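The structure under discussion appears below in the form of structure tokens.
Count residues from 1 along the sequence. Computed from a predicted structure; not experimentally measured.
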Amino acid sequence: MVPGDVKGSSLIARIRSTDPDAVMPPHGSPLSEQEITLLEEWIKQGANWPEMQVTQLELPPLADDLTFLRRITLDTVGVPPSEAEIHTYLAEAPEQRRRRAMQRLFADPRRADHWMGYWQDVLAENPNLLSGSLNNTGPFRFWLHEALVDDKPMDAIVTELIRMEGDANNGGPAGFGTAGQNDSPFAEKGLILAGAFLGVEMKCARCHDSPSHESKQEDLFKLAAMLNREPLVVPATSSVPMDKLSAGGRKPLIKVTLAPGTKVQPVWPFPQFVEAKAAEPLAENPQSSRDRLAAMITAPQNERFAQVIVNRIWHRLMNRGLVTQPNDWEKSEITHPQLLQWLAREFVRSGYSVNAVCQLIFESHAYQRQSSPLLKEPEALYVAPAPRTMSAEQVVDSLFSAAGKPFRVEELCFDLDGVSNQRTMGQATRAWMLTSTSNERDRPSLTLPRVQAVLTVLESFGWRGARQSPVTVRESAPNVLQPAVLANGTMSAWVTRLSEEHEMVPLALQAQAPEELVKRVYLRLLTREPDAKELEEGVALLRPGFEERAQTTPPVASTGKRKRPLYVTWSNHLDGPANALASDIESAARRGDPATTRLQPVWREAMEDFLWMMINKPEAIHIR
């Protein structure tokens, strides 16, 4: 059949045929006129399957080389390709470019940075710099980042996570086992593991049997007991009092079948995925219920684990999962079950390598096709990709990386002189390294203004400062704050201000003509050359004063001894001058670094306007 064309559809012609060799159906009663009319109306409307609504059926061509390079670089290392990477790519034979780009990117340690924000969300990593709050964890980010840099197999990563060994405060997987202000921390960790690696949503089973899923509270506490390494008693505070729910003669919508105070044994609750007897021999230490749990989740016989991981990878790269809700398979449909099964088995065959699955997806035409600007989101048939908004971390990292401005914020610590043993999470160089800077309201002097300026951008694009519960898909729909922070925010001012260490300064001085400069900036920020109109607009802005742009007057040398900077920390934050000093530090952060003395001020401001225009193009924060 031809969607929209009844007469051109052989389906209708055969249904209406009187030829016994051609008529459909070939046997039994013919379709009624009402049924035929319904089919004709369906074809007129586009012949969409209810579960696979599509607006485009014609396959677009593959994306051009630079579009592909930008897409795969952002999807692998989280930032656009540099000028050097672009030139290396274009210098290679066309038939080899894409494969070799993949090989270089898979060897790039920055790929770990790109995956960090995703797994921090999925695993609810929720450290805090000051006082703990609900479900605060330790910063297990450093162990996770190291594992991703080393391209450690996913089954090994999950096993180490479940064992929860090491230091809980200094970055080890033991930090995952912490859940502050939670009456049963391992129940919380059980529901995170079930959703992350088995696609089983158990959030409702935390306090009662789930009303909309098969999971019962006892299933979750069996999982929690395995993490606890001994039987676990259900706290009274982890149960809903049924007498109150039944008050007034109402029939409760939920059931509590696990009484408070019940001692739950450490037993594998998901025999539908793998039998315990089949997986237990794979445990390194069969005496440890944590090791047994890790073996059952990651066993090759447990196809659900491999399928969940490859579906998460597919979802992230294609912006739509083969299972539509990666963390809740019970409430999702599988659009391509054979493809899912094949990818999962290739994943196991590769030794649980995430890079191996990424390569299979990157090499597919479904990934490499030209995106359709008419699509708001990808459709189930993957005829064409839909343009995607970058993740919050990609937006921030890409602006600093492409513009050439160093990422410099305060150390993530309120106790620089170490008098109170407050936690430090080091000096951030990528957006994923940041965390909530929330502190008590009566301590305004404990602020990190440079960190907060970046967090404002991250939060407007869906990043969460507090991850009290796991999330796979962020709330990142377009909102009015996004263009506001890009146009007027403090961080954008840093990115566009041509300070002494800004990479755009030597680039501007090296350019032989404004045309060359405009083209290089487009290549750096958008991974393409400008069209004729864009080139004309950029040249018109930069040509006045271009020949005299270099500042020949040497900067004035500073006189006197360098003064040691003042700072606020835990030991002095309650002193009288602390708030005034914090206010001065915040004002300095808003002003940003001083402008370079190597460019004439008037021309420099024109160049800054050009950069501002570039980072505020919608294209700058999209993956096309």
Side-chain angles (χ1 to χ4, degrees), residues 119-120 122-126 135-144 146-148 152-180 182-200 202 205-206 215 217-235 238 262-302 304-306 308-309 352 470:
W119 287 114
Q120 285 172 314
V122 171
L123 299 175
E125 193 238 17
N126 190 33
N135 286 338
N136 269 135
T137 69
F140 57 92
R141 53 180 57 189
F142 305 117
W143 156 78
L144 181 59
E146 183 177 304
L148 294 174
K152 189 170 289 185
M154 183 55 69
D155 60 335
I157 292 176
V158 174
T159 298
E160 291 181 16
L161 183 74
I162 292 172
R163 283 176 175 166
M164 293 183 286
E165 297 174 345
D167 193 315
N169 291 314
N170 294 311
F176 174 68
T178 305
N182 194 305
D183 63 356
S184 187
F186 288 133
E188 188 68 28
K189 301 308 165 182
L191 69 87
I192 291 172
L193 292 173
F197 304 123
L198 297 173
V200 177
M202 304 187 82
R206 182 65 179 79
S215 299
Q217 189 179 15
E218 185 177 11
D219 296 331
L220 178 57
F221 273 84
K222 286 179 180 178
L223 204 60
M226 294 191 78
L227 293 171
N228 194 47
R229 291 181 287 201
E230 59 184 20
L232 190 65
V233 176
V234 180
S238 278
T262 302
K263 182 180 287 188
V264 181
Q265 300 298 318
V267 178
W268 173 244
F270 302 116
Q272 67 271 33
F273 300 145
V274 65
E275 290 290 340
K277 291 182 179 179
E280 282 182 342
L282 301 175
E284 184 173 329
N285 178 12
Q287 303 305 314
S288 168
S289 58
R290 287 186 186 175
D291 271 34
R292 295 199 305 272
L293 175 60
M296 292 170 198
I297 289 179
T298 63
Q301 298 95 320
N302 183 2
R304 172 60 78 92
F305 168 68
V308 166
I309 297 300
Y352 295 93

What donor-acceptor contacts under 3.5 angstrom involve side-chain atoms of residues 267-278, with partners at least two apart or in another chain?
residue, atom, partner, partner atom, Å
Trp268, NE1, Phe270, O, 2.9
Trp268, NE1, Val274, O, 2.9

Should Glu280 and Pro286 count as side-chain neighbours, where that means a heavy-atom distance under 4.5 Å? no

Arg229 to Ser288 - nearest heavy-atom pair and separation: CD-OG, 4.2 Å

Interatomic distance, Leu191 atom CG to Leu223 atom CG [nearest 0.5 angstrom]: 9.0 Å

Kindly compute the distance separating CZ (Arg206) from CG (Asn182), expressed to the nearest 0.5 Å. 4.5 Å

I'd like to know if the side chain of Asn135 and the backbone of Asn126 have a donor-acceptor N/O pair within less than 3.5 Å. no

Minimum heavy-atom separation for Pro173 and Glu160, please, with both atom names. CB-O, 3.7 Å

Close side-chain approach of Gln217 and Val234, heavy atoms under 4.5 Å: yes

Sequence neighbours left out, what passes ring-ring contact (aromatic ring centres under 6.0 Å, His included) with Phe140? Give chain and number order. Phe176

Let me confirm one number: the CG-OG1 distance from Leu123 to Thr137, rounded to the nearest 0.5 Å. 10.0 Å

Could you tell me whether a side-chain N or O of Thr262 sits under 3.5 Å from a main-chain N or O of Val264, the two making a donor and an acceptor? no

Would you indicate whether Glu284, at its atom CD, is surrounded by more than 12 heavy atoms from other residues, nucleotides or ligands within a distance under 6.0 Å? no

Tightest non-hydrogen contact, residues Ala299 and Ala279, listed as CB-CB, 4.0 Å

Locate the shortest heavy-atom distance separating Ala168 from Thr178; write the atom from each residue and the value. CB-OG1, 4.3 Å

Counting C-beta onward and ignoring hydrogens, is there a side-chain heavy-atom pair between Leu144 and Ile157 closer than 4.5 Å? yes

For Asn302 and Leu198, run side-chain contact (heavy atoms from CB on, under 4.5 Å): C-alpha distance rounded to whole Å, both residues' side-chain angles, the deciding distance at 0.1 Å, then the answer. CA-CA 9 Å; Asn302 183 2; Leu198 297 173; 3.7 Å; yes

Does Asn285 form a side-chain hydrogen bond (donor to acceptor under 3.5 Å, both in side chains) with Arg163? I'd like the steps, not just the answer. CA-CA 11 Å; Asn285 178 12; Arg163 283 176 175 166; over 6 Å; no

In the structure I gave you, are the side-chain heavy atoms of Leu220 and Ser215 within less than 4.5 Å of one another anywhere? no

If we check side chain to side chain contact (heavy atoms under 4.5 Å, CB included) with Phe197, which of these qualifies: Ile162, Thr298, Leu161? Leu161

Mind checking the CG-CG spacing from Leu232 to Leu227? Nearest 0.5 Å is all I need. 9.5 Å

What closest approach, in Å, do Ser184 and Pro235 show between heavy atoms, and which atom pair accounts for it? CB-CG, 4.2 Å

Give, for atom OG1 of Thr159 and atom CG of Leu282, the distance between the pair rounded to the nearest 0.5 Å. 10.0 Å

Heavy-atom nearest pair, Phe221 first then Ser238, reads CZ-CB, 4.2 Å

Determine, step by step, whether Val158 and Tyr352 satisfy the side-chain contact (heavy atoms from CB on, under 4.5 Å) criterion, reporting the C-alpha distance in whole Å, the side-chain angles of both residues, the deciding distance to 0.1 Å, and the verdict. CA-CA 11 Å; Val158 174; Tyr352 295 93; over 6 Å; no

Point-to-point distance, once rounded to the nearest 0.5 Å, from CE of Met154 to CG of Leu148: 7.0 Å

More than 12 foreign heavy atoms under 6.0 Å from CD of Glu146: is that the case here? no

